[in-house]
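Report on the following structure.
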2 protein chains.
Amino acid sequence: MSSVNCHLFCLSVYYYRFHKEDCKDVARMIMELAVFEKMPDQAKISHEELERDGFCQNPFFECLVAEVSDEHRSKDGHTVVGYGLYYYTYSTWKGRSVYLEDLYVMPEFRGNGIGKGLMCKVAKVKKQCVRLQLAVLDWNSPARDFYAAKGAQDLTDSEGWHFIRFDGLSLDNLVKDAPKD
Amino acid sequence: MSSVNCHLFCLSVYYYRFHKEDCKDVARMIMELAVFEKMPDQAKISHEELERDGFCQNPFFECLVAEVSDEHRSKDGHTVVGYGLYYYTYSTWKGRSVYLEDLYVMPEFRGNGIGKGLMCKVAKVKKQCVRLQLAVLDWNSPARDFYAAKGAQDLTDSEGWHFIRFDGLSLDNLVKDAPKD
């Protein structure tokens, strides 16, 4: 439990590793984030898929959520108001790494340090990881400034790394072209 | 086993999931790739670390290697001449994904379809993944053209995604700033 000050009240925030029953809240916020990122039609995940992939034998991801007390619930009645979804990756230069896929706080709860709290908690999860990485959209200046202020490097600017994606037909074609075993 | 034509001889290439004893070859090629990427001082991984992290209970990565027959070994005597190192990630929009961290073929074996063979084999590994993603340096035109010709999207160009990294001091500071449990 961590207390932070905001303008109107002392807001207590509880950060914890998500449980199956949090998947509905996470799915809801994934959609809210897609709307913010101006790509609402891209988010297709259901809370059932999150449950399946987050609670299988070798989970594909882990997630921390931020919860406020019932008295501070959102205007729509939500108490789970932010999440950080992450997984482990691997650098062939440095070894074990963490990738923060999504970091989100509901608009009415921003400015209370919850985003920073989630990010720092994710950084703390696995100490033997030597990197925490993530992606940000170029027009999202508040987020870019936030990461830069915390000492992060923008590797697209400094080294020229670009994201490449195969999906749909281009991925099917790769599979079809694979050499026979 | 897959046969491909090249200028001088019929080169047979065998693709397989790496074994512990391949880690020395993979570590050697990781260093060769870092030299090609003009960042040779960045690669710090040892074959012991690859063994530890690739063969633990929940491995941090998987790897396919390309092997040629002894008669076609490299001028330095190597028969393992390429690798594709990958792991599973997660899209909160689409679900299970594969990330191809490294794709490398030794210079003297390029032009024989081995890079494409490795990439297609990786794409085939896990069919329920809906994406194959990777990163490429902006000045590496041969690789960028290769991916584009296969139908990949450059998400940095088309949507504006940038890579952000915390490591060293900036990562230590995040951990230090984490809210108390």
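All figures in this text were calculated on a predicted structure; none of them were measured in a lab. So you know, we letter chains A, B, ... as the sequences are listed, proteins then strands, and number each from 1.
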Greatest number of non-hydrogen atom pairs under 4.5 angstrom with chain A, of Gln42(B), Lys38(B), Lys176(B), Lys44(B), falls to Gln42(B)
Taking every non-hydrogen pair under 4.5 Å, which of Asn140(A), Asp53(A), Val26(A) racks up the most with chain B?
Asp53(A)
Count the heavy-atom pairs under 4.5 Å between each of Ala27(B), Gly151(B), Ala178(B) and chain A, then report the option with the highest count.
Ala178(B)
Could you tell me which of Thr89(B), Leu169(B), Asp172(B) has the largest number of non-hydrogen atom pairs under 4.5 Å with chain A?
Thr89(B)
Quick check: do Tyr86(B) and Glu101(B) have side-chain heavy atoms less than 4.5 Å from each other?
no
Tyr88(A) and Cys129(A): CA distance, side-chain angles, deciding distance, side chain to side chain contact (heavy atoms under 4.5 Å, CB included) verdict:
CA-CA 8 Å; Tyr88(A) 301 104; Cys129(A) 288; 3.9 Å; yes
Of the listed residues (Leu174(A), Ile164(A), Asp177(A)), which shares the most heavy-atom pairs with chain B below a 4.5 Å separation?
Ile164(A)
Counting only non-hydrogen atoms closer than 4.5 Å, does Leu132(B) touch chain A with its backbone (N, CA, C, O), its side chain (CB onward), both, or neither?
both
Between Gly95(A), Gly117(A), Ser158(A), Gly168(A), which has the largest tally of heavy atom pairs under 4.5 Å with chain B?
Gly117(A)
Please classify the contact between Tyr99(A) and chain B as side chain, backbone, both or neither, with a heavy-atom cut-off of under 4.5 Å.
neither
Looking at CE of Met29(A) and CE of Met106(A), how far apart are the two atoms once the value is rounded to the nearest 0.5 Å?
7.5 Å
Evaluation steps, side chain to side chain donor-acceptor pair (under 3.5 Å), between Asp138(B) and His162(A)
CA-CA 7 Å; Asp138(B) 53 7; His162(A) 281 226; 4.6 Å; no
Taking side chain as everything from C-beta outward and backbone as N, CA, C, O, which of these in Asp102(B) sits under 4.5 Å from a heavy atom of chain A? Side chain, backbone, both or neither.
side chain
At a 4.5 Å cut-off on heavy atoms, which part of Glu37(B) comes close to chain A: side chain, backbone, both, or neither?
side chain
Lys94(A) NZ: over 12 foreign heavy atoms closer than 6.0 Å:
yes
If you tally heavy-atom pairs under 4.5 Å against chain B, which of Ile45(A), Val136(A), Leu118(A) wins?
Val136(A)
Run the salt-bridge test on Lys150(B) and Asp145(B) with the 4.0 Å N-O cut-off and return the result as yes or no.
no
Check: Arg165(B)/Gln133(A) side-chain N/O donor and acceptor closer than 3.5 Å:
yes
Tell me whether the guanidinium CZ or amine NZ of Arg110(B) lies under 6.0 angstrom from the six-membered ring centre of Phe36(B) and within 45° of its axis.
yes
Please rank Glu49(B), Gln57(B), Arg144(B) by heavy-atom pairs under 4.5 Å with chain A and give me the top one.
Arg144(B)
If you count heavy-atom pairs within less than 4.5 Å of chain A, which of Leu100(B), Ile30(B), Thr92(B) leads?
Thr92(B)
Where does Tyr147(B) contact chain A at under 4.5 Å (heavy atoms): side chain, backbone, both or neither?
both
Heaviest contributor of heavy-atom pairs below 4.5 Å to chain B, chosen from Leu134(A), Asp157(A), Leu171(A), is Leu134(A)
Please look at Glu159(B) and chain A and tell me whether the side chain, the backbone, both or neither of the residue comes under 4.5 angstrom of a heavy atom of that chain.
both
Test: Arg52(B) and Glu48(B) ion pair at under 4.0 Å:
no
Under a 3.5 Å cutoff, is there a donor and acceptor pairing between the side chains of Tyr87(A) and Glu62(A)?
no
Looking at Ser170(A), Gly160(A), Ser91(A), Ala148(A), which makes the most heavy-atom pairs under 4.5 Å with chain B?
Gly160(A)
Run the side chain to side chain contact (heavy atoms under 4.5 Å, CB included) test on Val130(B) and Asp167(A) for me, step by step, so that the C-alpha distance in whole Å, both residues' side-chain angles and the decisive distance to 0.1 Å come before the verdict.
CA-CA 6 Å; Val130(B) 294; Asp167(A) 59 3; 6.0 Å; no
Of Asn58(B), Leu155(B), Leu50(B), the largest count of non-hydrogen pairs under 4.5 angstrom with chain A goes to Leu155(B)
With a 4.5 angstrom heavy-atom cut-off, could you sort out which part of Phe61(B) is near chain A: side chain, backbone, both or neither?
side chain
Is there side-chain contact between Tyr83(A) and Leu33(A), with at least one heavy-atom pair below 4.5 Å?
yes
